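Computation of the quantities below employed the complete heavy-atom set of this structure, encompassing side-chain atoms and omitting hydrogens, waters and symmetry-equivalent molecules. Everything quoted here is computed from the prediction, not taken from an experiment.
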Amino acid sequence: MAPIEWKPEYSVGNAAIDHEHQELIDLVNDTAAAILDRRPEADVQRGFGDLLRAISAHFALEEQQMQAHGYDQRAQHKADHERLLDELRDIMDSQGTSPDQAAERLATTLEAWFAHHFQVHDSRLHRQLGPHPHP
């Protein structure tokens with residue numbers, strides 16, 4: 001399994017958000033590596049937990065910004081967030097049956113989702129919001 005690499009087309013034009021997206025990609029890669037390296041179950045579960053918390057926190061902040069600014073695509077954007085969280089939970093539930101398949105599914109699913117979501121939803125959101133701070 002090849003790790004997910006940051007690509008310039010993932011950029012949303014906000015350095016802080018791009019950095020946070022890169023950190024999410026790093027967490028996916030770290031978790032997939034823990035699975036493939038057959039690290040102890042506690043390490044794998046910690047990786048999944050860290051990934052789920054980071055993604056959830058990132059989504060919550062975006063959704064607060066969308067609400068505060070009356071973003072017209074909030075429902076669609078939030079639904080896409082929920083779709084990824086559901087998929088991530090499914091991967092977490094299935095990873096014990098075939099670690100190699102779970103690692104591959106984690107990387108391929110999240111890479112495809114990131115590519116689409118960053119380019120479609122996040123770039124539109126941050127273009128509409130204009131320059132804004134991101135804690």
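- Here CE of M66 is found 9.5 Å from CG of L61. Values are rounded to the nearest 0.5 Å.
- Of the inter-residue distances, the one linking I17 atom CD1 with Q22 atom CD reads 12.5 Å to the nearest 0.5 angstrom.
- Applying the salt bridge (Lys or Arg N to Asp or Glu O under 4.0 Å) criterion to D18, with sequence neighbours excluded, gives no partner residue.
- Taking CG from L36 and CD from E104, the interatomic distance works out to 8.0 Å, rounded to the nearest 0.5 Å.
- With sequence neighbours excluded, no residue forms a salt bridge (Lys or Arg N to Asp or Glu O under 4.0 Å) with D90.
- Using a 4.5 Å heavy-atom cutoff, the side chains of F118 and H21 are in contact.
- Atom NE2 of H58 sits about 12.0 Å away from atom CG of L27, to the nearest 0.5 Å.
- Ion pairing between R38 and D100 holds under the 4.0 Å rule for side-chain N and carboxylate O.
- Taking every heavy atom of both residues into account, G13 and S11 meet most closely at N-OG, 3.2 Å.
- Between K78 and Q67 there is no side-chain heavy-atom pair separated by less than 4.5 Å.
- If you run side-chain contact (heavy atoms from CB on, under 4.5 Å) between L24 and each of I55, I4, N29, L110, only I55 comes through.
- A donor and an acceptor atom, one from each side chain of H69 and Q65, are nowhere located under 3.5 Å apart.
- When R124, E63, H117 are each tested for a side chain to side chain donor-acceptor pair (under 3.5 Å) with H77, only one passes: H117.
- When all heavy atoms are compared, the tightest approach of A103 to A32 is CB-O, 3.8 Å.
- Looking at Y71 and E62, their side chains never come closer than 4.5 Å, going by heavy atoms from C-beta outward.
- Note that the CG atom of L106 and the CD atom of Q101 stand 13.5 Å from one another [nearest 0.5 Å].
- For R74, the salt bridge (Lys or Arg N to Asp or Glu O under 4.0 Å) criterion is met by no residue, not counting sequence neighbours.
- The nearest pair of heavy atoms linking S123 to V12 is N-CG1, 3.8 Å.
- Under 4.0 Å is where a charged nitrogen must lie from a carboxylate oxygen, and between D86 and R89 at least one such pair does.
- Tracing side-chain contacts under 4.5 Å through hydrophobic residues (I, L, V, M, F, W, Y), one never reaches V120 starting from F59; they form parts of separate clusters.
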Between side-chain atoms of residues 44-52 and protein atoms elsewhere (two or more places apart, or another chain), which donor-acceptor pairs fall under 3.5 Å?
from	atom 1	to	atom 2	distance (Å)
Q45	NE2	E41	OE2	2.6
R46	NH2	D43	OD1	2.5
D50	OD1	R53	NH2	2.7

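- D37 pairs by the salt bridge (Lys or Arg N to Asp or Glu O under 4.0 Å) definition with R39, not counting sequence neighbours.
- Residue E5 places its CD atom among 12 or fewer non-hydrogen atoms of other residues, nucleotides or ligands, all under 6.0 Å distant.
- With rounding to the nearest 0.5 Å, the separation of NE2 in H121 from NE2 in H81 is 8.0 Å.
- Applying the ring pair (Phe, Tyr, Trp, His ring centres under 6.0 Å) rule to W6 yields the partners Y10; only residues at least two apart in sequence or on another chain are considered.
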